[in-house]
Amino acid sequence: MTGSDFTVLPRHVAVIMDGNGRWAKRRGLSRSEGHIEGAKTFRRIGEYAGDLGIKHITFYAFSTENWARPQPEVEAIMHLFGDYLNEAYDRLEENRAKGIRLRFIGDRNGISGELCALMDTLEGLTADMDKVNLNIAINYGAQQEITRAAQSIAADVKAGLLSPEEITKDTITARLYTGEQPPVDLMIRPSGEQRISNFLLWQSAYAEFWYSDVLWPDFTERDFDEALKAYEKRNRRFGGI
Ligand code: IPE
Ligand code: IPE
Ligand code: MG
């Protein structure tokens, strides 16, 4: 498919990359091997979304709750994330030619200094790009994100920079990691689970949800097309008629 095969494209797509562990288990592989395959799917679908002309896409790579997993699995995921960062750095010119702006959303505390430095570098070196906004959520939790915004607003009120009456929806939106990016139009969750797992709660206030039983490592461009086709048919009313 190409972007013109769709009558309407979501401005912002969010993807919960779920099912790596079950994919591996079914094959008698370790969970980490599932994450290796999942990382490949992430590269493929990220690329495809950009080719279709999706302007904003956010992938959920690691949640604030995922620290509860066994240490070797957490390390394997962080290692894969590091591989991706290094590859993105090596392919910087290619990504810039495609107009890809990379952003990492989530709490940097808890992420190694080495990875944080690479994340900062990649964000800086792609900050002038605006064709595709590729956000990766790492150590991300929406409740923590909203709490952080509330703290920053409270600090400004205390300092006399803002009065309580001046706080609007936009004040909060602007202080989230996604800042000025548009709200989520389409939320995709594979693997059969139908929950949001602390992902983009504020930004998804009016998102359309699309679920699939496919496990993330098996997720293809055709599945992505299917989600977009379903989105095309949704009647978004935003509370109107
Ligand atoms: C998603 O796959 C990847 C991360 C949460 C990092 P899972 O690892 O959650 O896979 P399942 O849900 O156990 O199958
Ligand atoms: C959500 O998946 C987090 C990511 C995909 C990074 P989980 O597998 O952690 O979510 P739950 O535990 O099923 O809600
Ligand atoms: Mg899971």
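Order of appearance sets the numbers: ligands from 1, and atoms from 1 within every ligand. Model, not experiment: these values are computed from the prediction.
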* Heavy-atom count around Lys25 NZ within 6.0 Å, excluding the residue itself: above 12? -> no
Quick check: does any side chain N or O of Glu73 sit under 3.5 Å from a backbone N or O of Pro70, one acting as donor and the other as acceptor?
no
Quiz prompt | Flag if over 12 foreign heavy atoms under 6.0 Å of CZ, Arg237 | solution = no
- Message: Test your reading of the structure: does Tyr60 have an N or O sitting under 3.5 Å from an N or O of ligand 2?
- Response: no
### Backbone or side-chain N or O of Asn66 under 3.5 Å from ligand 2 N or O
yes
CG of Leu186 to CD of Glu232, rounded to nearest 0.5 Å, is 11.5 Å
At under 4.0 Å between heavy atoms, what of Arg22 touches ligand 2? The answer is neither
the protein heavy atom lying closest to atom 1 (C) of ligand 1 turns out to be Met17 O, 2.8 Å
Ligand 2 to Phe62, heavy atom cutoff 4.0 Å, flagged ligand atoms 6 (C)
If you scan protein heavy atoms around atom 2 (O) of ligand 2, the nearest is Arg189 NH2, 3.6 Å
Answer key: the N, O or S atom of Asp18 nearest to the Mg ion (ligand 3) is OD1
Numbered in order shown, the ligand 1 atoms found under 4.0 Å of a heavy atom of Ile77 are 6 (C)
Taking only non-hydrogen atoms of Ala61 and a 4.0 Å limit, the atoms of ligand 1 in range are 6 (C)
### Task
Using distance alone, with no hydrogens and no angle criterion, decide if Ser163 and Glu165 have a side-chain donor and acceptor under 3.5 Å apart.
yes
Of all protein heavy atoms, the one nearest atom 14 (O) of ligand 2 is Ser197 OG, 2.6 Å
- Give the ring-plane orientation class for Phe238 versus Tyr206, where under 30° counts as parallel, over 60° as perpendicular and anything between as tilted. tilted
To the nearest 0.5 Å, atom CZ of Arg195 lies from atom OH of Tyr211 at 10.0 Å
- request: Using non-hydrogen atoms of the residue, decide whether Glu193 is closer than 4.0 angstrom to ligand 2.
  value: no
Logged contact type for Ala137 with ligand 2, heavy-atom cut-off 4.0 Å, is neither
When distances are taken from atom 10 (O) of ligand 1, the protein heavy atom at minimum range is Gly21 N, 2.9 Å
- prompt: So is Lys25 in contact with ligand 1, going by heavy-atom distances below 4.0 Å?
  reply: no
State, without any angle test, whether Ser30 and Glu33 hold a side-chain donor-acceptor pair at a distance under 3.5 Å.
yes
For this session: Applying salt bridge (charged side-chain N to carboxylate O under 4.0 Å, His left out), run through Glu145 and Arg148 and close with a yes or a no.
Result: CA-CA 5 Å; Glu145 176 185 41; Arg148 178 177 165 271; over 6 Å; no
Quick look: Phe199 vs ligand 2, heavy-atom contacts under 4.0 Å, and the answer is neither
Would Asn20 count as a polar contact of ligand 1, with the cut-off being nitrogen or oxygen pairs under 3.5 Å?
yes
When you measure from atom 12 (O) of ligand 2 to the protein, is at least one non-hydrogen atom found at a distance under 4.0 Å? no
- Message: Please evaluate residues Phe6 and Tyr231 with respect to the criterion ring-ring contact (aromatic ring centres under 6.0 Å, His included), reporting the C-alpha separation (whole Å), side-chain torsions for both, the decisive distance (0.1 Å), and the verdict.
- Response: CA-CA 10 Å; Phe6 300 93; Tyr231 175 81; 9.8 Å; no
### Query
Can you find a heavy atom in the side chain of Thr126 that is under 4.5 Å from one in the side chain of Leu134?
no
Value for OH (Tyr60) from CG (Asn198), rounded to nearest 0.5 Å, stands at 5.0 Å
of all protein heavy atoms, closest to atom 8 (O) of ligand 1 is Arg69 NH1, 2.7 Å
Taking only non-hydrogen atoms of Arg195 and a 4.0 Å limit, the atoms of ligand 2 in range are 11 (P), 13 (O), 14 (O)
Close approach of Gly19 to ligand 1, heavy atoms, under 4.0 angstrom
yes
